[in-house]
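Right, one structure below, let's go through it.
Every chain is numbered from 1, with letters handed out A, B, ... down the list of sequences.
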Amino acid sequence: MTTPPITELSKPSATERSRYQQWETSGAFIADASRSVRSGGDREPFTIMMPPPNVTDILHVGHGLNSTVQDVIIRWRRMAGDEALWLPGTDHAGIATQNVVEKKLAREEKKTRFDLGREAFVARTTAFVAATGGTILQQIRGIGASCDWSRTAYTLTPELSRAVREAFVRLHEKGLIYRGHRVIHWCSRCLTSLSDEEAEHKDETGSLYHITYPLADAPADGSMTSVTVATTRPETMLGDVAVAVHPDDPRYRALIGKEILLPIAGVRIPVIADAYADPAFGTGVVKITPAHDPNDFEVGRRHSLPMPIVMSPTGEMEESADAAGRVPANLRGMDRFAARAEIVETLRASGLLARVEPHAHSVRHCYRCDTVVEPRLSDQWFVSMEPLARPALEAVRTGGIRILPERWEAVYVNWLEGIRDWNISRQLWWGHRIPVWYCATCPDPIVSRDDVALCPRCGGAVRQDDDVLDTWFSSWLWPFSTLGWPDTASRDLRAFYPTDVLITAPEILFFWVARMIMGGFEFMGERPFHTVYLHGTVRDTQHVKMSKSRGNGIDPLVVVDRYGADALRYTLVAGLGMGADVIVDPGDIDQSFAPGRNFVTKLRNIGRFILTNLGDDPVPDVASIPAEQLTRADRWILDRLDVAIADANSALGPARPSGPAWDSSELRSGLRLSEYAEATRRFAWSELADWYVEATKGRLLAGGVDRDVARGVLVHVFDAALRLLQPIVPFVTEELWQQLPGHPAEGTLARVPWPEARRATPDADSANGGSQFELVRETVDALRQLRSEYAVTPQKLIAAVIVPSRDVAARRILDEEAALIGRLTRCTITVADAAPLGTAAHAVLSGGTGIAVPLEGIIDVKRECQRLQGELEQLDKQLSALVQRLANEGFTSRAPAHVVEAERRKESEWGARRQQLSEKVRALCGS
RNA sequence: GGGCGAAUAGCUCAGUUGGUUAGAGCGCCUGUCUUACACACAGGAUGUCGGGGGUUCGAGUCCCUCUUCGCCCACCA
């Protein structure tokens, strides 16, 4: 038989592409709402909502991991008989997309969005998204994702925009959305406010400047002429409206109510008493800048102080109307950081800079452009989160929703317990415009589901709020807005909500996951899913997160092109412990993805062997084969299959809680993908390929009934292996399965039932041939060890005498399997009652089975003596420890019965083994 | 500053409520193109389970402590 070279086998990307098209066009991934039991159908629904990638994203390895995990789960459930829906989509990604288009505009046309104007800019962005927006979803197909593309969603469609407005209006009606005047995080590059979550902390070493603030009027007693304040941001001093001391601080009690002459700005500000001032920090005196610091804002409110803004939206020093006279001419228009340096110099020159010390603190940065965020007083829309957080906390505490890995639950609870109101307005153009209109004459804003043209109260002109909503305000509705909400009669909503598992990275636990849970309870009155699975991050060998900008990324499509999507998927899944990061080396893609590549090749080779040796005769169904025709090897592999199915099921499941909440026994189980991968790999490779295929080789060449039995079992177990592996490696398994006899002509493996164990308890029947085959394996292992130990070349056919020491049954089994054992070890086997021990004989014990192997002229007797004596010593040591343990009353009385029993059994086994070993030593070494 | 987690073979990690001689993949060493597969087969080596203390008949597993890393949160000017 001629075999194609390996290189031909390892270029699967082309066939994968056409295979995917077949799946897609045949509708294999489309879910049918009418089959959900919730709408009167016959199947449990199982739904996964894809975390929508940003519409401008291109696929990176993080998406690859995320999509693979989701695909494994959804394919498993689809085969297991659920009506499985994996709903894909994209996010319009307000700031991110606007930034992309603005950069493009600046690069290509040297224009800003203001040059274009709002309407033209939005049109431009819409066109850009239309042209490029489908890229990532197309790329996700390339790794085999079995999404229902007929339901592809996008957060900016009319349908989802309607849901956004509905949510806004409802929350406003309940009084949970309000307009707030306070200090928020402002990005002076994106020119928008940010939520707390979007302003990320980064540790930096800055300077703490100690500045002398002179008293405005020299005190009568001449005691104290100035105070010293400490600040990390001297430029904000122009907006100071007071200095505060603690009311109980004896050092400054006399100053309260006096006035300071603010340097540079030259205005008089009061010394106030407020508990916010910490006597232990610095000098105990703190400057108060209400418009540029959230704490100071609170102090200012308590003391009814003015709140002058001294910076422009773009971060340059500027005098607002209520800051008149505070910003000197030379600083106006100067960047905030340049102004900081300038002010420090001025203070130094005038002797007011007491000292400067290095200061480690954390500074907030814009999560989109990394600009240092400026706290800034402004008017924004907020959502009151505390009422929404309550049911979300309750659900996780009571097991209605579980978060895996468990440790993230504490993080979730911690965040929700201290939740703060959500700033949802953004000063951007790309997004859902806030559905609020203002009448020129009437005082109250109009909040409306529909566009408003005229004021409903006075009929006058109205103007819509300029701002758009935070991107995440549409994302948090995703589990139901994509299914038709607010139309509660929608078929999809009835059939598929609540969804089942939410699979994402921990980075967006607060941005998205927690808010979806809150949104689900608020708008649907029900949890959006019962399980949150937070998978790890893909990192390089230095444990640095992979990203294109860091230059350590791996393009999943390169991997797909080189080794196939299956190799990518298998490698990622096999390496994915619960919540653990996946480490791959971008410098050695070949090495990194070798596990997947090798495994796929192995599968293909098993398939090739089976298909080329099967012949064209009809293959019998395993169920129709009389039990007595099954060989020990047949029974063994069928047993192993049952074990593999059980292992896979317990690694993956249960798919859903049995009741309304997770039972404590199941709360932490399931979704252990690497264990599932290992269980199926072990079956296919270590058991099916390494042992069963080898064991059938002789039988396939011979004829008769036994050949058909072997063919039947072979096809059965391989078919089952392909089913078990389909969720991980869908392409190669489908390709092989299609060639296997006995499947429906138009069927697809993706839709075939998940395998079920033949027997409920695989190992219960000890008389079964399956366990008898273990004796054959042990014997073969022992013989191979001997061969290797004595460096007998594999080609050399040798004679071996096996002496079964266990019992009559063992003797019979070995007798009957002698031919197979001989073929697997290239020995001619004799089973005898006594071994011809002596100078030219060698014997080894394995599992209680004595095997004597005469190896004429090969054995070095001296070396063998040493080896046997070493083995004996080792055994003695272990045995004495065992005996000691069994003599210990504490052990025998307190340890569970099965443990003690196992130890007793072991003691007798080891004892027998020791007996034989020492006999052998005596015979061979003569002492 | 608050909260959480991790440390097991050269590397990446499993190790379920304490209970056989602590496992897997990759890497490493030896041999082999044994009629599916050298991306393979066969054999092999490698672990004071981070240090110390404790509970227990028994600890990788539970408790305390130290060390080292990591993650999340944070309104210390």
Sugar-phosphate, base or nothing in reach of A:V286, heavy atoms under 4.0 Å: base
Atom pairs under 3.5 Å, N or O on each side, protein against nucleotides 6-8 of chain B: can you list them with distances?
none

Sugar-phosphate only, base, or nothing, as touched by A:V693 at under 4.0 Å among non-hydrogen atoms: base
Touch class at under 4.0 angstrom, heavy-atom based, for A:D585 against every strand present: nothing
Hey, what are the protein-to-nucleotides 23-31 of chain B N/O distances that come in under 3.5 Å?
unit_1, atom_1, unit_2, atom_2, d
B:C26, O2', A:Q591, NE2, 2.6

Any protein N or O atoms within reach of nucleotides 16-20 of chain B? Criterion: under 3.5 Å, listing atom names and distances.
unit_1, atom_1, unit_2, atom_2, d
B:U20, O3', A:K906, NZ, 2.8
B:U20, O2', A:K906, NZ, 3.2

Sugar-phosphate, base or nothing in reach of A:F599, heavy atoms under 4.0 Å: nothing
Touch class at under 4.0 angstrom, heavy-atom based, for A:R182 against every strand present: nothing
Considering all heavy atoms, the nearest A:M307-A:A291 contact: O-CB, 3.7 Å
Sugar-phosphate only, base, or nothing, as touched by A:N888 at under 4.0 Å among non-hydrogen atoms: sugar-phosphate
Touch class at under 4.0 angstrom, heavy-atom based, for A:D296 against every strand present: nothing
Pi-cation contact, A:F382 with A:R182 (under 6.0 Å, within 45°): yes
